[in-house]
Amino acid sequence: MDRIKRNDKGPAVEDVQQRLVAADCLSSGAVSGVFDDATVAAVRAFCVKSGLPAAEEVDEKVWVALVDATFSLGDRTLYLRMPYFHGRDVRELQQVLSALGFACGVIDGIFGAHTEDALRKFQLNLGLPSDGIAGAYTYAAIQNLHHSWVGKAAIHEIVHLGFARAADVLEQNALCLFGTEEFARSVASRMSNLSLATNPQSKILSADSLLVAPDESMLLVHIVLPEEEAVQKVPRVSYEDEATLPLRLEQAIVAARKATSRRIAIELPGRVWEDAGEGRSAQHFAITLLDALCTALSQSERSA
């Protein structure tokens, strides 16, 4: 982007000024569309407040920080991904969840694994789909409970992840996730992003994110749709019946590790989860499959 600097005029300057107002660094009466002395001082104050090097103009880094600082809760859909979502809206979500009794750990404005876990527990508690995605239904539920969290202090006890994505499981098991159909590839890619977001040292990666071809030590996990034909002699696990999915995956993994192909297939129930759109469905399948897979890997190691 082009730098926005002293004496510049126009809508871009006014946008910067409005964001500085939202960040409590400029008074609303100073919004003029002209990058004047007051705006320079406000940019400098914002940089100091945000931990950036003091600056008197808006470059790409300052702009990104300004945008993050001016998101309000509900402005965008939040979920666990790489790179992490971060900003004021994430911090607000963490504060709300913690005030309601679902601790996120450190309230840092970064949507990491602890925040996702707290969000999923909140959703489960309210009978919402527990997918770890903060969207319209979750925001509506939060708003309906505003009397329960407005002005309340957040709880900060140490959080222990309640789901299966433990650091040691992700680091100790080399898996290559892939799909031969677009939706299945999206699920595989999202599983890889989730594993890396939980632990940057994860060895559970999608084929798209591998820099070299998978070696013989990697377990190949093929995400397939019902209409895709089964590969002969490759264990194929149906997604249906989520309660028993980890157990069935464990059996398939043990069988694959004894075979020469070291490969399993996981069959999705389709492209749609409940009434969700394709993107949200892919994210839900990715979350539940990764958790089940990590549980199965952990169990298979204990029984080895």
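All values reported here derive from a predicted model rather than from experimental measurement.
- In this structure, Leu78 CG and Phe71 CZ are separated by 9.0 Å, a value rounded to the nearest 0.5 Å.
- To the nearest 0.5 Å, atom CG of residue Leu196 and atom CE of residue Met191 are 12.0 Å apart.
- Checked by atom type and distance alone, the side chain of Ser195 pairs as donor or acceptor with a backbone atom of Ser192 at under 3.5 Å.
- A cation-pi arrangement is absent between Arg81 and Tyr84, since the terminal nitrogen or guanidinium carbon is not both under 6.0 Å from the aromatic centre and inside a 45° cone about the axis.
- The nearest pair of heavy atoms linking Thr115 to Ile110 is OG1-O, 3.6 Å.
- The structure places CG of Leu66 at 7.5 Å from CZ of Arg19, a figure rounded to the nearest 0.5 Å.
- Under the 4.5 Å side-chain heavy-atom criterion for Ile, Leu, Val, Met, Phe, Trp and Tyr, Leu20 and Val67 are members of the same hydrophobic cluster.
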Verdict with reasoning, His86 to Phe111, per ring-ring contact (aromatic ring centres under 6.0 Å, His included): CA-CA 6 Å; His86 51 84; Phe111 196 110; over 10 Å; no
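- Applying the 6.0 Å contact sphere to CG of Asp2 captures no more than 12 heavy atoms from other residues, nucleotides or ligands.
- There is a side-chain donor-acceptor pair under 3.5 Å between Thr39 and Asp36.
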field: Test side chain to side chain donor-acceptor pair (under 3.5 Å) applied to Gln123 and Thr138, step by step
entry: CA-CA 7 Å; Gln123 291 170 325; Thr138 298; 3.1 Å; yes
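- Taking the six-membered ring where tryptophan is involved, the planes of Phe102 and Phe122 are perpendicular, since the angle between them exceeds 60° and thus also 30°.
- Of all heavy-atom pairs spanning Ile264 and Ala252, the tightest one is CG2-O, 3.6 Å.
- Of the possible donor and acceptor atoms, one in the side chain of Lys152 sits under 3.5 Å from a partner among the backbone N and O of Ser148.
- Side-chain N or O atoms of Ser202 include none that pairs as donor or acceptor with a backbone N or O of Asn199 at under 3.5 Å.
- Note on Glu181 versus Arg271: salt bridge recorded, some NZ/NE/NH1/NH2 to OD/OE distance being below 4.0 Å.
- If you chain together hydrophobic residues whose side chains sit under 4.5 Å apart, Ile266 and Leu220 never meet in one group.
- Judged by distance alone, the side chain of Asp8 and the main-chain N or O of Lys5 form a donor-acceptor pair under 3.5 Å.
- A salt bridge links Arg280 with Asp131: at least one charged nitrogen is closer than 4.0 Å to a carboxylate oxygen.
- Rounded to the nearest 0.5 angstrom, Ile204 CD1 and Met218 CE are separated by 9.0 Å.
- Defined by atom type and a distance below 3.5 Å, a donor-acceptor pair is present between the side-chain atoms of Glu228 and Thr180.
- In this structure, the side chain of Gln17 engages the main chain of Val34 through a donor-acceptor pair within 3.5 Å.
- Note that the CD1 atom of Ile253 and the CG atom of Leu297 stand 4.0 Å from one another [nearest 0.5 Å].
- In this structure, Val272 is not a member of the same hydrophobic cluster as Val224, with clusters built from ILVMFWY side-chain heavy atoms closer than 4.5 Å.
- Here the side chain of Thr77 pairs no donor or acceptor atom with the backbone of Gly135 at under 3.5 angstrom.
- From Leu100, atom CG reaches atom NE2 of His146 across 12.0 Å, with rounding to the nearest 0.5 Å.
- Geometrically, Arg185 does not engage Phe178 in a cation-pi contact defined by less than 6.0 Å to the ring centre and at most 45° from the axis.
- Without hydrogens or angle criteria, Arg248 side chain to Ser238 main chain gives a donor-acceptor distance under 3.5 Å.
- In terms of modelled atom types and a separation under 3.5 Å, the side chain of Ser50 and the main chain of Leu52 share no donor-acceptor contact.
- Using a distance-only test at 3.5 Å, with no hydrogens or angles considered, a donor-acceptor pair links the side chain of Ser281 to the main chain of Trp273.
- Looking only at distances, a side-chain donor or acceptor of Thr198 sits under 3.5 Å from a matching main-chain atom of Leu194.
- Contact check on Asp68 versus Arg88 returns no salt bridge, with no Lys/Arg side-chain nitrogen under 4.0 Å from an Asp/Glu carboxylate oxygen.
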